[in-house]
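Input: a single structure, listed below in structure tokens.
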Amino acid sequence: MLFIYTPLCGTCKLANQMLHVADEALSDRSPNEIYECNINIYPRFAEKWKIESVPCLLFIKNGKVQERLYSFQSVDRIYQKLQLLIR
């Protein structure tokens, strides 16, 4: 997983916290690797991967984006997405 954010984005900070809470709840099943990317430092990355907005969570498998999550909404929603990922 790749969490894409900007440091001054309040929504990004909240989404990051929710992501880590959901991930921690699933840590007993399978350890997940969550990488983070400050899009201000890597603007070409945003172009290449067609990032529409932040926060964004990319689910990547074998070098290809399987899914993009832009609307985090709640810890439960993220938890459900992560559960599908680790099956």
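Predicted, not measured: the structure shown is a model, and the values here were computed from it. Start at 1 with the first residue, then count along the sequence.
- When all heavy atoms of Cys12 and Phe3 are compared, the pair lying nearest together is O-CZ, 3.4 Å.
- Atoms CG and CD1, from Asp23 and Ile34 in turn, are 3.5 Å apart once rounded to the nearest 0.5 Å.
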Please output the side-chain donor-acceptor pairs of residues 35-58 that fall under 3.5 Å, not counting sequence neighbours, one pair per line with the distance.
| from | atom 1 | to | atom 2 | distance (Å) |
| --- | --- | --- | --- | --- |
| Tyr35 | OH | Glu33 | OE1 | 2.2 |
| Glu36 | OE2 | His20 | NE2 | 3.4 |
| Asn38 | OD1 | Asn40 | N | 2.9 |

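- Using a 4.5 Å cut-off on side-chain heavy atoms (C-beta onward), Arg68 and Phe59 make no contact.
- There is no path of hydrophobic side-chain contacts, each under 4.5 Å, that joins Leu14 to Ile4.
- Residues Lys81 and Glu67 are in side-chain contact: their nearest non-hydrogen atoms beyond the backbone lie under 4.5 Å apart.
- With sequence neighbours excluded, no residue satisfies side chain to side chain donor-acceptor pair (under 3.5 Å) with Glu24.
- The hydrophobic cluster containing Leu69 does not contain Ile60, counting ILVMFWY residues as joined when their side-chain heavy atoms lie under 4.5 angstrom apart, directly or transitively.
- Cluster annotation: Tyr5 and Ile78 are assigned to the same hydrophobic cluster (Ile/Leu/Val/Met/Phe/Trp/Tyr, side-chain heavy-atom contacts under 4.5 Å, transitive).
- Between Val75 and Ala22, the shortest heavy-atom contact is O-CB, 3.9 Å.
- Met1 and Tyr79 fall within the same hydrophobic cluster, defined by Ile, Leu, Val, Met, Phe, Trp and Tyr side-chain heavy atoms under 4.5 Å apart, directly or through other members.
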